[in-house]
Amino acid sequence: MAYWLMKSEPSVFGIDHLIDRKVALWDGVRNYQARNFLRQMQKGDLAFFYHSNCEVPGIVGLMRIAKEGYPDPTQFDPEHKYFDPKSPADNPRWTGVDVEFVEKFSGTLSLADLKTLPELAELALVRKGNRLSLMPVSEEQWQVMLALCQRA
DNA sequence: GCCAACGTTGGC
DNA sequence: GCCAACGTTGGC
């Protein structure tokens, strides 16, 4: 089983949306590095839900990968913001996964706090200029973050 | 294949 | 809302 961190803007899709839906398609990833990580995800993997581009960016909850990578349907929808006219129908360019709500923490483990943790120095999230929207988390990193989240 | 222009991300 | 950082596009 692997661990991940996935970012989303709460004004678009936040942890409360996932609570309402229980299971949702994680769509709209249009970056190849992030897509490749999506394709590595396996059912049962755990992921932190991270709120980006908001008042207090940080980790707010926990979810589980409920369905492994499959073609993101929004890439074929001309009406959709994430439509990609260049994606071949017989070899879809973009992947989505289904995620399932697990837990919402009582507080936010903020990016500012995460940046102070020496164990996370190698995590893409806290490295200068990094905009990767989802990334793998090592078991050690996961344990450090989870302990702080559950205390928060 | 280079690289300038452009668009997007996301912290602040 | 600003803007730095970075990815992508497309002319050459």
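Keep in mind the model is a prediction, meaning the values are calculated, not measured. Letters A, B, ... mirror the listed sequences (proteins, then strands); counts begin at 1.
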Original post:
Can you tell me if the side-chain N/O atoms of A:Lys128 get under 4.0 Å from OP1 or OP2 in C:dA5?
Top reply: yes
Original post:
In terms of side-chain heavy atoms of A:Arg131, which of C:dT8, C:dT9, B:dT8 is nearest?
Top reply: B:dT8
**OP:** Rounded off to whole Å, could you give me the CG-to-C1' distance for the A:Leu125 and C:dC6 pair?
**Re:** 16 Å
Original post:
Between A:Asp16 and A:Lys104, is the closest basic N to carboxylate O distance under 4.0 Å?
Top reply: yes
**OP:** Between A:Asn130 and A:Arg93, just flag the one whose closest nucleotide in DNA chain C comes earlier from the 5' side.
**Re:** A:Asn130
Subject >> Residue closer to the 5' end of DNA chain B, A:Glu55 versus A:Lys81 (nearest nucleotide) >> reply: A:Lys81
Original post:
Would A:Tyr82 and A:Asp77 count as having a side-chain donor-acceptor pair, cut-off 3.5 Å?
Top reply: no
**OP:** In whole angstrom, give the distance that lies between atom NZ of A:Lys86 and atom P of C:dG7.
**Re:** 18 Å
Subject >> Side-chain (A:Glu68) to main-chain (A:Lys43) donor-acceptor, under 3.5 angstrom >> reply: yes
Original post:
Distance check: side-chain N/O of A:Lys7 vs OP1/OP2 of B:dT8, anything under 4.0 Å?
Top reply: no
**OP:** Rounded to the nearest angstrom, tell me the gap between atom OH in A:Tyr32 and atom P in B:dT8.
**Re:** 15 Å
Original post:
Transitive ILVMFWY cluster of A:Tyr32 at side-chain heavy atoms under 4.5 Å: who else is in it?
Top reply: A:Trp94
**OP:** Provide, to the nearest angstrom, the distance between the CD atom belonging to A:Glu9 and the P atom belonging to B:dT9.
**Re:** 7 Å
Subject >> A:Asp113 CG - B:dC12 P separation (whole Å) >> reply: 12 Å
Original post:
Can you find an N or O donor on one side and an acceptor on the other, under 3.5 Å apart, linking the side chain of A:Arg30 with the base of B:dT8?
Top reply: no
Original post:
Would one find a side-chain N or O of A:Tyr50 under 4.0 angstrom from OP1 or OP2 of B:dT9?
Top reply: no
**OP:** Would you mind reading off the distance between A:Asn31 atom CG and B:dG7 atom P, rounded to a whole angstrom?
**Re:** 18 Å
**OP:** Compare the minimum distances between each of C:dT9, B:dG10, C:dG7 and the side chain of A:Asn53, then state the nucleotide with the smallest one.
**Re:** B:dG10
**OP:** Send over the distance from A:Leu111 CG to B:dG10 C1', rounded to a whole Å.
**Re:** 10 Å
Original post:
Hey, is A:Asp72 close enough to A:Arg30 for a salt bridge, meaning N to O under 4.0 Å?
Top reply: yes
Original post:
Expressed in angstrom and rounded to an integer, what is the separation of A:Arg127 atom CZ from B:dT9 atom C1'?
Top reply: 19 Å
